[in-house]
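Please read all numbers here as calculations on a predicted model, not as lab measurements.
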Amino acid sequence: MRVREADLRELMDDPHCDERMLLRTVRRFGLVNRAVSGWGAIYRSRLRPYLRSRADELREAPVRILDVGCGGGDVTLTLARRARADGFAVEVCGIDPDTRCLSVARSRPSEPGVTFRGAYAADLVEAGEEFDVVVSNHVLHHLSRDQLHELFAHTDALGAELALHNDIARSRTAWGLYSLGILPFAPGTFLFTDGLRSIRRSYTLAELQREIPPGWTVTSPAPFRVIATRSSRTTGGV
């Protein structure tokens with residue numbers, strides 16, 4: 001655990017993995033994310049203040065939010081629902097290059113203003129698209145060092161005023177707690193093996209701080225979590 005195991009491969013990243021197990025895994029991501037990802041707190045402390053700061057502008061055009069590597073779309077939908085419940089006009093786009101994962105996202109009940117697309121962030125940059133907010137969940141640990149820097153560069157190139165890249169923080173305690181807590185949800189999925197591999201592949205706070213470009217910050221919003229952020233707008237607090 002002292003060294004990030006960047007070469008460790010997760011089972012679901014194999015294009016030839018058992019598709020039924022993959023789809024069951026992706027469908028259960030919602031349960032895992034509600035338990036460990038902390039998007040409720042991130043929304044309240046980071047995204048909602050930003051949306052409030054845009055309140056006057058929202059009368060003219062909705063805030064565009066991009067969820068990179070959206071998987072089964074549960075975070076995409078959660079953010080859209082929370083924003084709409086607070087009265088904010090948003091358009092939320094989830095992107096993922098894996099069509100198998102997108103099939104899960106697209107099978108969910110449709111939500112106003114939510115779309116899912118098969119794409120990389122680089123594709124949207126090349127197309128000249130722009131977003132006000134760019135987020136990701138559990139993507140950073142999948143990336144090589146070069147890919148990590150590309151994600152930060154693509155986020156900037158998409159014009160995001162607010163960026164929130166949320167991930168696991170590697171530690172022995174996180175590994176131990178997850179190995180026990182995931183057991184009721186793991187049968188028939190990759191959640192046990194891949195979750196533990198994800199932790200071993202993840203960055204510590206200090207490691208991620210060494211990788212961020214100027215203008216970005218890394219904090220630990222909760223135990224066993226790291227979030228890389230950049231904001232070009234003063235929101236006036238939580």
Side-chain angles (χ1 to χ4, degrees), residues 26-99 101-121 123-125 127 129-140 151 154-155 158-167 219 221-222 225 227-238:
V26 174
R27 291 188 185 104
R28 293 183 194 176
F29 278 166
L31 293 172
V32 176
N33 285 328
R34 284 196 294 274
V36 305
S37 295
W39 277 101
I42 294 170
Y43 174 81
R44 292 189 297 272
S45 64
R46 315 263 184 151
L47 185 52
R48 184 161 62 189
Y50 170 79
L51 294 173
R52 284 175 175 161
S53 77
R54 293 283 306 272
D56 291 339
E57 300 168 45
L58 292 179
R59 297 190 183 96
E60 300 179 4
V63 166
R64 300 192 73 204
I65 302 173
L66 177 67
D67 181 10
V68 178
C70 66
D74 58 285
V75 171
T76 316
L77 293 167
T78 293
L79 296 181
R81 290 166 182 158
R82 286 181 177 273
R84 194 167 61 253
D86 284 338
F88 300 119
V90 296
E91 292 178 354
V92 189
C93 176
I95 62 170
D96 200 295
D98 192 324
T99 57
C101 294
L102 278 181
S103 71
V104 175
R106 289 169 172 162
S107 71
R108 299 183 187 277
S110 61
E111 292 282 340
V114 177
T115 57
F116 294 104
R117 297 165 58 180
Y120 291 94
D123 298 325
L124 306 188
V125 172
E129 296 203 39
E130 294 186 349
F131 292 85
D132 303 292
V133 180
V134 175
V135 307
S136 71
N137 183 67
H138 294 175
V139 169
L140 303 186
L151 176 61
H154 293 151
T155 300
L158 289 166
E161 287 191 321
L162 177 64
L164 302 166
H165 293 301
N166 180 38
D167 208 351
T219 57
R225 306 298 305 174
I227 184 167
T229 65
R230 183 183 56 72
S231 177
S232 59
R233 175 184 287 253
T234 301
T235 62
V238 177

**Prompt:** If you round to the nearest 0.5 Å, how far is OG1 of Thr115 from CD1 of Ile95?
**Reply:** 10.0 Å
**Request:** Taking all non-hydrogen atoms of both residues into account, name the closest pair between Leu162 and Ser231 and its distance.
**Result:** CD1-CB, 4.0 Å
**Fill in**
So NE2 of His138 and CG of Asp167: to nearest 0.5 Å the spacing works out to 5.5 Å
**Item:** Donor-acceptor contact present, side-chain Asn166 to main-chain Ile227, <3.5 Å
**Value:** no
**Asked** Would a distance-only check, ignoring hydrogens and angles, find a side-chain to backbone donor-acceptor pair under 3.5 Å from Arg106 to Phe116?
**Response** yes
**Prompt:** If you look at every heavy atom in Ala119 and Leu124, which pair is closest and at what distance?
**Reply:** CB-CD2, 4.4 Å
**Message:** Once rounded to the nearest 0.5 Å, what's the spacing between atom CZ of Arg27 and atom CZ of Arg108?
**Reply:** 9.0 Å
**Prompt:** side chain to side chain contact (heavy atoms under 4.5 Å, CB included) between Leu151 and Leu140: does it pass, once the steps are laid out?
**Reply:** CA-CA 9 Å; Leu151 176 61; Leu140 303 186; 3.5 Å; yes
**Asked** Can you name the nearest heavy-atom pair linking Gly71 to Val26, along with the distance?
**Response** C-CG1, 4.2 Å
**Request:** Would you please say whether a donor-acceptor pair under 3.5 Å links the side chains of Arg54 and Tyr50?
**Result:** yes
**Any Val125 side-chain heavy atom under 4.5 Å of Leu158 side chain** = yes
**Message:** Is it the case that the side chain of Asp96 and the backbone of Leu102 share a donor-acceptor pair, with hydrogens and angles ignored and the cut-off at 3.5 Å?
**Reply:** no
**Expected output: side-chain Asp86 to main-chain Phe88 donor-acceptor under 3.5 Å** = no
**Message:** Give me the atom names and distance for the closest heavy-atom approach of Ile42 to Ser37.
**Reply:** CD1-O, 4.0 Å
**Request:** Would you check if Val104 and Phe29 make a side-chain contact, meaning some heavy-atom pair closer than 4.5 Å?
**Result:** no
**Message:** Using only atom types and a distance under 3.5 Å, with no angle test, would you say the side chain of Asp123 pairs donor to acceptor with the backbone of Tyr120?
**Reply:** yes
**Request:** Mark yes or no: Arg48 above the aromatic ring of Tyr43, with NZ or CZ under 6.0 Å from the six-membered ring centre and no more than 45 degrees from the axis.
**Result:** no
**Request:** Taking only Lys NZ, Arg NE, NH1 and NH2, and the carboxylate oxygens of Asp or Glu, determine whether Glu111 and Arg81 approach each other closer than 4.0 Å.
**Result:** yes
**Item:** Minimum heavy-atom distance between Val139 and Val68, given as atom pair plus value
**Value:** CG2-O, 3.4 Å
**Verdict with reasoning, Arg34 to Thr78, per side chain to side chain contact (heavy atoms under 4.5 Å, CB included)** = CA-CA 10 Å; Arg34 284 196 294 274; Thr78 293; over 6 Å; no
**Message:** Distance check, rounded to the nearest 0.5 Å: Leu66 atom CG versus Glu91 atom CD?
**Reply:** 12.0 Å
**Request:** Please assess Leu79 against Trp39 for the test side chain to side chain contact (heavy atoms under 4.5 Å, CB included), listing each intermediate value before the final yes or no.
**Result:** CA-CA 8 Å; Leu79 296 181; Trp39 277 101; 3.9 Å; yes
**Request:** Evaluate side chain to side chain contact (heavy atoms under 4.5 Å, CB included) for Leu47 paired with Ile65, printing each intermediate quantity in order.
**Result:** CA-CA 10 Å; Leu47 185 52; Ile65 302 173; 4.3 Å; yes
**Prompt:** Do you know which two heavy atoms are closest between Ser232 and Ala160, and how far apart they sit?
**Reply:** OG-O, 4.5 Å
